Amino acid sequence: MPNSMTPDHNDSANSSKHLWHGRFTEAPADSLMAFTASIGFDVRLWRDDIAGSTAHAEMLGATGVLPRVDVDAIVAALRQVESEFVAGSFVFVASDEDIHTAIERRVTEIAGPAGAKLHTARSRNDQVATALRLFAKRELTATARRTLALIDVLDRRADDAGEAYLPGYTHLQRAQPVLLSHHLRAHAWALVRDVDRLLDAVARLDVSPLGAGALAGTSLPIDPRESQKRLGFARVFANSLDAVSDRDFVAEGLFALAMVGLHLSRMGEEWVLWTTEEFGFASLSDRHATGSSMLPQKKNADIAELARGKAGRLVGNLTGLLTTMKGLPLAYNRDLQEDKEPFFDSLDQVNRGLDALAEMIAAASFNTDAMRVAADAPAAVATDIAEWLVARGMPFRQAHAKVGELVSRSLAGNTPLVDLVRADADLGADAAALFAPGVAVQRRASHGAAGPLAAVAQRDELRRTVAALVARLA
Ligand code: ARG
């Protein structure tokens, strides 16, 4: 970025006038500006501030609060400011404490006396809430799209996996075999809920706060519905105090993002395990793994580790804002400026994590032989033997105890479990046949279960659910 696009307040020199210069005889201290200015991060809202300011000016024209000629001058100046941002040529001055101040200052430079009327019946309090809601609407929707892209990768890898199976785990101990496609789609379902949650948050925040003023509205004959419609918000605020002080939507966005991040962290942990020599279930493409500076043999799953690690800051961003909001009296307090950095950070981190994991998983290869060998371990068949007895009339508790005893005898006497099953009067050769490789996973056929018979229905349901989410996004 050119220097003009990187506002920095540590260079002092309070050249131009501040918004509140009428009431004050002295310019703000450098220490105040250094501590309280938000331009270093809220510059990101420039597009949304211009949209909010344009709608506000048009509303002032439509209601007759401002003459058309002033509105035209303001809107033309806002367009010029927009092109300056697009071109990277917008020049900040030291008194630009935030993006809203900077844009209004520049509009006034361009439009002269008409520019000085832009802030009529408006406060930075409703202005900043408006810009942040516009930003949140767009960005949370974009993250929902990215989440759908990862779901798509998981779904496609699940299709590729065919009838490959691996051990399913409980307590990280091998429990029962599951199809690899079933395992991959389990994560897809969690992400489906995340998309749903992000879109719910977007629907709830779709309210225009513009026209609430500083806190109490205005004596001028404005029409907040007019600016609401121009901005494409679904609803208009009902209470001016609430409109300027509500940051629930940021907290909710941060929660939805943290939840995505938690899901990515759980996937990340599995990929870390799967790509170890101990598991050996998967290997990463060279492009999505890192080497060691000292150990030449190493190939590390850094994307997966950071997917796990970054969950910490996502939860921190959420709890940080909740703590800032706690106990704040109505209405606007400067504390609320602390909403932006955590929100921007969580969006950036989750977006990058979604992209990186999607690519890593798309390019990874599965070692389905290693998965099969691990899943065909005889102990994984124990439940099927008990269920085989249940199907022949034995109460489950009794069957469980009987098979448990066989497992214990197998371990104590170093006898294969299959031999004990074959020799048992209640079991025999038919039950022993369940130990044949690949049989156990075939038998997981109940609704939503891990075997191939249930897999097709689940895949279809996932695709229907995703199609409905895509329709909501359109
Ligand atoms: N940069 C401020 C924020 O993000 C703008 C609002 C300042 N309002 C005020 N009354 N000081 O919250």
Side-chain angles (χ1 to χ4, degrees), residues 7-10 14 16-24 26-29 31-53 56 81 85 90 92-108 118-137 139 205 207-218 237 240-251 253-254 317 320-347:
D8 175 8
H9 265 287
N10 295 325
N14 292 327
S16 79
K17 280 180 176 171
H18 283 263
L19 290 180
W20 54 84
H21 64 90
R23 159 78 174 76
F24 289 65
E26 286 190 288
S31 62
L32 176 138
M33 288 299 277
F35 188 52
T36 65
S38 54
I39 188 69
F41 49 88
D42 66 18
V43 61
R44 197 163 167 169
L45 298 175
W46 67 265
R47 200 182 292 280
D48 305 292
D49 186 79
I50 291 173
S53 293
H56 182 67
V81 171
F85 273 102
F90 186 93
F92 291 91
V93 304
S95 60
D96 292 342
E97 66 163 273
D98 61 20
I99 187 61
H100 320 288
T101 319
I103 290 174
E104 192 194 335
R105 189 254 318 145
R106 182 73 186 126
V107 165
T108 308
L118 167 58
H119 212 53
T120 306
R122 186 177 71 168
S123 157
R124 266 190 302 162
N125 299 347
D126 57 343
Q127 183 181 3
V128 69
T130 303
L132 195 57
R133 279 179 191 264
L134 287 172
F135 173 88
K137 242 179 106 168
E139 296 301 325
L205 71 76
V207 179
S208 178
L210 195 56
L215 75 164
T218 171
F237 71 94
S240 62
L241 289 170
D242 184 43
V244 292
S245 61
D246 170 16
R247 292 295 184 277
D248 300 6
F249 70 100
V250 184
L254 283 170
N317 286 342
L321 181 67
L322 290 173
T323 310
T324 294
M325 286 167 67
K326 177 198 166 294
L328 276 187
L330 293 176
Y332 179 85
N333 298 270
R334 191 65 180 264
D335 313 47
L336 290 177
Q337 181 172 286
E338 287 294 301
D339 55 2
K340 289 171 205 68
E341 284 165 291
F343 193 41
F344 296 162
D345 182 60
S346 288
L347 280 165

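Just follow the structure's listing: the first ligand is 1, and inside any ligand the first atom is 1. Values in this document were obtained by computation on a predicted structure and should not be read as measured data.
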Check your understanding: With sequence neighbours left out, what residues match D42 under side-chain hydrogen bond (donor to acceptor under 3.5 Å, both in side chains)?
Key ->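 D42 satisfies side-chain hydrogen bond (donor to acceptor under 3.5 Å, both in side chains) with S38 once adjacent residues are dropped.
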
Check your understanding: Do R44 and F344 meet the cation-pi criteria used here (NZ or CZ under 6.0 Å from the six-membered ring centre, within 45° of the axis)?
Key ->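 Yes.
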
Review point. Under the criterion side-chain contact (heavy atoms from CB on, under 4.5 Å), which of R105, E104, R106 is the partner of V81?
Key: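 Considering R105, E104, R106, a side-chain contact (heavy atoms from CB on, under 4.5 Å) with V81 is found only for R106.
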
Exercise for review: Please state whether the rings of F85 and F92 are parallel, tilted or perpendicular, taking 30° and 60° as the class boundaries.
Suggested key: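 F85 and F92: perpendicular rings.
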
**Study point:** ring pair (Phe, Tyr, Trp, His ring centres under 6.0 Å) against F249, all qualifying residues, sequence neighbours excluded
**Key:**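 For F249 there are no ring pair (Phe, Tyr, Trp, His ring centres under 6.0 Å) partners, ignoring immediate neighbours.
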
Practice item. Please identify each residue that fulfils side chain to side chain contact (heavy atoms under 4.5 Å, CB included) with L322, with sequence neighbours left out. Key: A251, L318

Check your understanding: Tell me, which residues have any heavy atom less than 4.0 Å from some atom of ligand 1?
Key -> S38, D42, D98, R124, N125, V128, Y332, R334, Q337, K340

